[in-house]
Enquirer: 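Here it is, the structure in full.
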2 protein chains.
Amino acid sequence: MRASPPEKEPSRRNHSWQRQRLLELLRSTDSHPTAASLHAALRVDFPRLALGTVYRNLDVLVSEGEIEAVPSGEGVARYDGNPTPHHHFVCEHCGEIEDLELPLPRGLLTRLQRRHGLTPRRVRIDFYGLCRACSDPNPT
Amino acid sequence: MRASPPEKEPSRRNHSWQRQRLLELLRSTDSHPTAASLHAALRVDFPRLALGTVYRNLDVLVSEGEIEAVPSGEGVARYDGNPTPHHHFVCEHCGEIEDLELPLPRGLLTRLQRRHGLTPRRVRIDFYGLCRACSDPNPT
DNA sequence: TGAAAAATAGGAACGATTCGCAAGAATACT
DNA sequence: AGTATTCTTGCGAATCGTTCCTATTTTTCA
Ligand SMILES: [Mn+2]
Ligand SMILES: [Mn+2]
Ligand SMILES: [Zn+2]
Ligand SMILES: [Zn+2]
């Protein structure tokens, strides 16, 4: 199969075209797409792209620390192009996952250490509720 | 199929024996079992218990607010017999999920409200790292 | 330019969960 | 008690996201 570079060379290619574009796509959005939706989007440029390839490359990118997997708890994994530590607000109605800019309260970690003797390597905070759009009194 | 009460009547039966015992089992442990492990455990008393029945009853108990589903992000759902709001420490080595007694910092919610205009209905905090046992310098 | 290594497409396989359904209990009502 | 109604169950088939396998490209790099 031809590599078929769509139009212009990206600054520097890390790996295959498929993986390169996958990473670009993830970085270009603040949504948290599923493997299937990424597959669908990339199909435009790579009509023969296999879903398995998407999964494989997502795994690679995750283990390289370029992206992050966001377990959604609803059976489908979501992926986050922003590997910087941040938290999420999950809308219980439309499923939207919104990035939050909230500093982690320092007291939490010290309390965890003192009361449980545990030192986490990572913290994950998810808020659940209705996003602004869904909680809006907008009688369609 | 006979109801086959194992030995003595529980104080008050909410529903079927299967569901009753499932709830008791979940309440009796501070671990966070999977449907499969619950199924295996209950098989002792109900040899013909179907896995589908376990799932069905877990769903019922969750929607009744008696228990809680704890998405683990590793493909298998875990269940929590303690519906009281609390947080978890997940060991990245052995997979243990430990209950935490930590008050939710009030500042978090107010900041979320102020900076993002969001009012969550629920918060979930998971810490990831090595549990005491796994981080112990214990050269086997 | 020619291996050798890395990656891909395609499809089969897998594992957790859900569904459909006929048979079995519980409950309500007479 | 007898019977209709409703709730559950067990069982197997079906779903669906994800992983695995393999022959075939692509990419790397000496
Ligand atoms: Mn994010
Ligand atoms: Mn718990
Ligand atoms: Zn919403
Ligand atoms: Zn551990």
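Order of the sequence lines sets the chain letters (A, B, ...), proteins ahead of strands, with each chain counted from 1. Please read these numbers as outputs of a predicted model, since none were measured by experiment. What's counted below: heavy atoms across the whole structure, side chains too, no hydrogens, waters or symmetry copies.
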Enquirer: With sequence neighbours excluded, what pairs up with B:Glu96 under the side chain to side chain donor-acceptor pair (under 3.5 Å) test?
Expert: none
Enquirer: Scan residues 69-77 of chain A against DNA chain D and write down, sorted by residue number, each residue with any heavy atom closer than 4.0 Å; if none is found, say none.
Expert: A:Gly75, A:Val76, A:Ala77
Enquirer: Indicate every side-chain donor-acceptor pair of residues 102-111 of chain A with a distance under 3.5 Å to a residue at least two apart or in another chain.
Expert:
unit_1	atom_1	unit_2	atom_2	d
A:Thr110	OG1	A:Gly107	O	2.9

Enquirer: Does B:Arg48 put a side-chain nitrogen or oxygen below 4.0 Å from OP1 or OP2 of D:dT9?
Expert: no
Enquirer: Ignoring the backbone of A:Trp17, work out which of D:dT9, D:dT27, D:dC11 is nearest its side chain.
Expert: D:dT27
Enquirer: So, is B:Ser16 close to the D:dT9 phosphate, meaning a side-chain N or O under 4.0 Å from OP1 or OP2?
Expert: yes
Enquirer: Output the residues of residues 51-58 of chain A in contact with DNA chain C, where contact means a heavy atom of the residue under 4.0 Å from an atom of the strand; sort by number or write none.
Expert: A:Thr53, A:Arg56, A:Asn57
Enquirer: Is any side-chain N of the basic residue among A:Glu98 and A:Arg132 closer than 4.0 Å to the acidic one's carboxylate O?
Expert: yes
Enquirer: Could you list the residues that satisfy side chain to side chain donor-acceptor pair (under 3.5 Å) with A:Thr84, not counting sequence neighbours?
Expert: A:Asn82
Enquirer: Check the distance between D:dC11's C1' and B:Gln18's CD and give it to me in whole angstrom.
Expert: 14 Å
Enquirer: Is there a donor-acceptor contact under 3.5 Å from the side chain of A:Ser63 to the main chain of A:Val60?
Expert: yes
Enquirer: With sequence neighbours excluded, tell me which residues meet side chain to side chain donor-acceptor pair (under 3.5 Å) with B:Asp99.
Expert: B:His32, B:His86, B:His88
Enquirer: Give the nucleotide from the list C:dT18, D:dT27, D:dG10 with an atom nearest to the side chain of B:Asp59.
Expert: C:dT18
Enquirer: How long is the span from the CD atom in A:Glu68 to the CG atom in A:Leu58, to the nearest 0.5 Å?
Expert: 13.0 Å
